[in-house]
Colleague: 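One structure is given below, represented as structure tokens, and several questions about it will come after.
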Amino acid sequence: MMHPPDRPSVLGAGGDNAIAFAIGVAADEWTLLILRHALQNGTRRVHDWQAVLPVSTAVLTSRLRRMTEVGIFVPVGPGHDPNAVEYHLSRRGTALWPIIVSIWAWEATWADGQAERLPAMRHRGCGELFAPLLGCGTCGRPVPPREVTGEFGPSGSWPRTAPNTTMRRRSSGSASLGPGFFPQSRALIGNRWSAAMLGAAYLGARRFSEFQRRLSAPATVIADRLRTFRDLGVLEVSGDPDRSDRSTYRLTDKGRAFFPVVMSAIEWGQRWFLAPEGPALVFHHRGADHAFSVLLLCSACSAPLAGREIEAV
Ligand SMILES: [Zn+2]
Ligand SMILES: [Zn+2]
């Protein structure tokens, strides 16, 4: 199915929901890197991406094809000459900037060795270096994760939320796994169960049995992901270390700091992929009695950020 670039797609009933599409984009490292250069530098041609990314032609063209299908890019130019085609970001593609900025900031702060590899971000509005802060689109205030409550809407459920296919093409071999710019983000949302587990943690799951009940996943899958998240320092465990059924798992500061990435991805998905039954997730600003939507704020001046006002330095 081709998705229209400048208006929302209407999804088939009962299939992958909006969040599955969003995870499909946010979990693929090459997709994020291609987007980053398109957003930041206006990169549009195959050879211009290849000048800045260590990506093979096969991997790059397969990603551009998939991103075009999803409506992120609009190819312009002669189809018979791949090198002459320009891939223009659609409104849908341009609207992905909050995901890129959030992942970038989180990796630079929390993943070892990433701060040196990723340039800092400057807000043109105030001229200062900044990190994005999650704010509420309704009231404009900064919002910590505990103030956001979420519940499944009509098209929501974990099986429909965990994508069956991401942008990653396994048949392309290990070369397609990416150059390692966003290693920890990929560990958190890079496959269907990880993303769902993280979502369940944000929605309040604390115990093994709660994760299992919410995801309907095999116990071995739950145990494996809990171990991975613990090793990454995203969840901390208390209770009996030898009895996972008696332990309590809580998000750490590092885990909570990833919340803007997840929320930005969900926001994009639900803005551009509409399920006929209604949204997959519905959010509220706790204590403020209104709906929550994502607004990124500048940590230096507190103003709402716009993608065109952000520069890498
Ligand atoms: Zn609010
Ligand atoms: Zn600012």
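Just so it is clear, the values below take in all heavy atoms, side chains as well, and ignore hydrogens, waters and symmetry mates. First listed ligand is number 1; within each ligand, the first listed atom is number 1. On a predicted model such as this, the values are computed, not experimentally measured, just so you know. Residue numbers start at 1 and run along the sequence shown.
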Colleague: Can you say whether the rings of Phe21 and Phe273 are parallel (under 30°), tilted (30 to 60°) or perpendicular (over 60°)?
Modeller: parallel
Colleague: Verify the neighbour count for atom CG of Asp231: are there more than 12 heavy atoms of other residues, nucleotides or ligands below 6.0 Å?
Modeller: yes
Colleague: Heavy atoms only: give me the nearest Ile310-Ala306 pair and the separation to one decimal.
Modeller: CG1-O, 3.7 Å
Colleague: Are there any protein N/O/S atoms under 2.8 Å from the Zn ion (ligand 2), and if so, which?
Modeller: His123 ND1, Cys126 SG, Cys298 SG, Cys301 SG
Colleague: Minimum heavy-atom separation for Phe211 to Met197, with atom names?
Modeller: CE2-O, 3.6 Å
Colleague: When the side chains of residues 252-262 are checked against the rest of the protein, which donor-acceptor pairs come out under 3.5 Å, sequence neighbours left out?
Modeller:
unit_1	atom_1	unit_2	atom_2	d
Thr252	OG1	Gly233	O	2.6
Thr252	OG1	Val234	O	3.2
Thr252	OG1	Lys254	N	3.3
Thr252	OG1	Gly255	N	3.1
Asp253	OD1	Arg256	NH2	2.8
Lys254	NZ	Gln184	OE1	2.6
Lys254	NZ	Leu232	O	2.7
Arg256	NH1	Leu251	O	2.9

Colleague: Would you tabulate the side-chain donor-acceptor contacts of residues 134-152 under 3.5 Å, counting partners in other chains and residues two or more places apart, or write 'none'?
Modeller:
unit_1	atom_1	unit_2	atom_2	d
Thr138	OG1	Ala291	O	2.6
Glu147	OE1	His285	NE2	3.0

Colleague: I'd like to know whether Arg250 forms a salt bridge (Lys or Arg N to Asp or Glu O under 4.0 Å) with Glu236, so could you lay out the CA-CA distance, the side-chain angles of the two residues, the decisive distance to 0.1 Å, and finally the verdict.
Modeller: CA-CA 5 Å; Arg250 290 181 198 284; Glu236 60 190 356; over 6 Å; no
Colleague: Write down the atom of Val55, the atom of Leu60, and the distance for their closest heavy-atom approach.
Modeller: CG2-N, 3.8 Å
Colleague: Can you confirm if the aromatic rings of Trp104 and Phe130 lie within a centre distance of less than 6.0 Å?
Modeller: no
Colleague: What count do you get for protein N/O/S atoms less than 2.8 Å from the Zn ion (ligand 1)?
Modeller: 4
